[in-house]
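Step one of this worksheet: look at the structure below.
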There are 2 protein chains.
Amino acid sequence: MADTSTSNSETPRFRQIVEALREQITNGKLPEHSPLPSERLLAEDHAVSRMTARRALEAVEAEGLVYNIVRQGRFVSPRRLNYNISSMANFVSDARSRGIDLSIELIGSRAIRADRHIAEKLSVPRGTQLQESVRLFKMRDHATFLETELSILERCKGLPGFEELQSRPVCDQRYSPLGESADIVIRLHALNPDEAGKLGMAPHQPAMKQEQLVRDENGVAFCYCLQIWRGELAEFSARSLVIV
Amino acid sequence: MADTSTSNSETPRFRQIVEALREQITNGKLPEHSPLPSERLLAEDHAVSRMTARRALEAVEAEGLVYNIVRQGRFVSPRRLNYNISSMANFVSDARSRGIDLSIELIGSRAIRADRHIAEKLSVPRGTQLQESVRLFKMRDHATFLETELSILERCKGLPGFEELQSRPVCDQRYSPLGESADIVIRLHALNPDEAGKLGMAPHQPAMKQEQLVRDENGVAFCYCLQIWRGELAEFSARSLVIV
DNA sequence: CGATTTTTCTGGTATATACCAACTCAACTG
DNA sequence: CAGTTGAGTTGGTATATACCAGAAAAATCG
């Protein structure tokens, strides 16, 4: 029986396997979307147990180099999708002009009433009528992020093309007549089962959350937008003034 | 022997334990920095194996509710530290004015020469002399993020107080004479062993990476700054113009 | 040849066990 | 009483095994 401890090698075995996998991916031996060896095969190749091989695969997954389709296998992640928060309104056209095959799928759209949480964010009374739209953004049919938009119906229904444009992304010119500024918050987020399902991931996986509170020229909020990004695909950029 | 499969319950056992833990934390039964039950104890409490209890603890850890000190235990995370990228220069004073006990430890400071990677970022020839400063930011002695600052020596050594201020954070007024704007990139990042050690975490844990490229009034970059944040403590905010 | 069934593959969950390294704290020693 | 020792704790790594559910490919059937 092999040594089950870590005494004779300073770096754990699973991390050695991680190194080997990372090498193959960054060197381009494994191109985007190509399959990695399965847990069982990798275990055999490196003469370790399946659980150890699995830990290695989970680690490269956590690094963002690899994504996972539940009972299908693990694949090399595509490049990240940049979201420039200094130029939100042009996100979709910017991405497409860079040659990215970005598609948007409308998952749901309905009228709801504000609960306590969202009412507080938008500074409206509880029960205020809101329009909720949920969209899935994909790169080359690969789910990238989920967007939930909640806008105050009373404020937005007069906007040109509001009704028919539910399938378009938030803030993509649509709000030009109203939109002025947005408060943005970005943080790490662990996927809940619902989000995970829509993004084709496992729950508890690390992801990125972006919240946007869009205000009109008077500073009054009229739209709250929540984005949940696959962590390995998210990249937020901005240009900031150092001196205020 | 208990049922080892998941057939009779739709939600896995470890996720049920996650729910229970999350409940205790968010309800305030477990205050900040208080210890969670150990893996072995939790396993006994819920009548599962240690590995299952461990997975539950790793999940709440991934959610950011809990942090881990390697051979000591797991503890409830403190609140996040906000970093306003629209007001970088005032980060430290802003935080302190909100009553946060923020301290900065200078881990290293030395002159180095630009390698290919950093030379490209700063648009300088390889081998250019740079000043590297590494700082650890702590909240109440709790490591929060790691900052590596690389500034072009030639450009910065004339600045008032450059030498003695190595222990102060980047962009904290210090660069006022030069600083004008910064290009910022934020993404998910898995800790490498070095970063993990300095932050008191395990490698491969999800973290946040912020890169800043600081430019002078002519748009010429003179400082590159890399921040590695504990994922559960990072919160980036900004105010953005929707219409450009 | 097309439709259906079966087998094989995938990752997901779960257990029981084992040893290691580092930390804590109480007991002991000088 | 300060310093050391040692037992007990903690998480980290690793194995071997087992069954499940779903996807895909192969074999079979009509």
Side-chain angles (χ1 to χ4, degrees), chain A residues 1-19 21 33-62 66-75 191 193 196-197 200-205, chain B residues 1-19 21 34-62 66-75 191 193 196-197 199-205:
Chain A
M1 192 145 315
D3 182 8
T4 67
S5 78
T6 62
S7 57
N8 55 355
S9 62
E10 53 214 31
T11 58
R13 292 202 191 181
F14 86 90
R15 226 186 297 284
Q16 294 172 19
I17 302 176
V18 167
E19 292 296 333
L21 292 172
H33 297 290
S34 67
L36 269 72
S38 73
E39 298 177 355
R40 289 168 175 89
L41 188 62
L42 190 66
E44 203 178 337
D45 285 354
H46 287 81
V48 295
S49 74
R50 182 187 156 204
M51 291 308 283
T52 302
R54 180 182 170 83
R55 294 188 59 192
L57 287 165
E58 281 173 340
V60 282
E61 205 179 320
V66 163
Y67 67 95
N68 179 344
I69 304 184
V70 265
R71 276 163 191 97
Q72 227 166 318
R74 289 183 171 90
F75 307 86
L191 293 177
M201 299 177 76
H204 299 293
Q205 284 289 105
Chain B
M1 191 146 315
D3 182 8
T4 68
S5 76
T6 62
S7 56
N8 56 355
S9 63
E10 53 214 30
T11 58
R13 291 203 192 179
F14 85 91
R15 226 187 298 283
Q16 295 172 19
I17 301 175
V18 167
E19 291 299 331
L21 291 172
S34 66
L36 269 72
S38 73
E39 297 178 357
R40 289 167 175 88
L41 188 62
L42 189 67
E44 203 177 339
D45 285 353
H46 287 80
V48 295
S49 74
R50 183 187 153 202
M51 290 309 282
T52 302
R54 181 182 169 83
R55 295 187 59 192
L57 288 165
E58 281 174 340
V60 282
E61 205 179 319
V66 162
Y67 67 95
N68 179 345
I69 303 184
V70 265
R71 276 162 192 97
Q72 229 167 314
R74 289 183 171 89
F75 307 86
L191 292 178
L199 286 169
M201 299 177 76
H204 299 291
Q205 284 289 106

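What you see is a predicted model, and the numbers here were worked out from it, not measured in a lab. In what follows, chains carry the letters A, B, and so on, assigned in the order in which the sequence lines appear, proteins first and then strands, with residues in each chain numbered from 1.
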With His46(B) via side chain to side chain donor-acceptor pair (under 3.5 Å) - residues at least two apart: none
Find out whether Leu21(B) and Leu57(B) are in side-chain contact, i.e. whether some heavy atom of one side chain is under 4.5 Å from a heavy atom of the other. yes
For Glu44(A) and dA16(D), give me the distance from atom CD to atom C1', rounded to whole Å. 15 Å
Atom-pair distance (CD1 on Ile69(A); C1' on dG12(C)), nearest Å: 16 Å
Locate the shortest heavy-atom distance separating Phe75(A) from Pro35(A); write the atom from each residue and the value. CD2-CA, 3.6 Å
Measure the distance from CD on Glu61(B) to P on dG11(D) and round it to the nearest whole Å. 10 Å
Please produce a list of atom pairs where a protein N or O lies less than 3.5 Å from an N or O of nucleotides 7-9 of chain C.
none

Take atom CD of Glu39(B) and atom P of dA14(C), then tell me their distance rounded to the nearest Å. 16 Å
Would one find a side-chain N or O of Gln72(B) under 4.0 angstrom from OP1 or OP2 of dA22(C)? no
For Glu19(A), does the CD atom sit with more than 12 other heavy atoms under 6.0 Å from it, leaving out its own atoms? yes
For the pair made of CZ in Arg15(A) and C1' in dA14(D), what is the distance, rounded to whole Å? 13 Å
DNA chain C contacts among residues 48-57 of chain B, heavy-atom distance under 4.0 Å: Val48(B), Ser49(B), Arg50(B), Met51(B), Thr52(B), Arg55(B)
Taking CG from Leu41(A) and C1' from dT10(C), how many angstroms apart are they, rounded to a whole number? 12 Å
Testing dA24(D), dG11(D), dG12(C) for proximity to the side chain of Arg74(B), the answer is dG11(D)
Report yes if a side-chain nitrogen or oxygen of Asn68(A) is closer than 4.0 Å to either non-bridging phosphate oxygen (OP1 or OP2) of dT10(C); otherwise report no. no
Partner residues of Arg54(B) under the side-chain contact (heavy atoms from CB on, under 4.5 Å) criterion, sequence neighbours left out: Glu39(B), Arg50(B), Met51(B), Glu58(B), Arg74(B)
Report the residues that fulfil side-chain contact (heavy atoms from CB on, under 4.5 Å) with Ala196(A), sequence neighbours left out, ordered by chain and then residue number. Leu191(A), Pro203(A)
What residues form a side-chain contact (heavy atoms from CB on, under 4.5 Å) with Ala53(B), not counting sequence neighbours? Leu42(B), Ala43(B), Val48(B)
Whether Tyr67(A) and His33(A) hold their rings parallel, tilted or perpendicular, with breakpoints at 30° and 60°: perpendicular
Just the rounded figure in Å: distance from P of dG11(D) to CE of Met201(B). 16 Å
Taken to the nearest whole Å, CZ/Arg13(A) to P/dC20(C) is 14 Å
Which atom names give the shortest non-hydrogen contact between Ala47(A) and Arg13(A), and what distance separates them? O-NH1, 4.0 Å
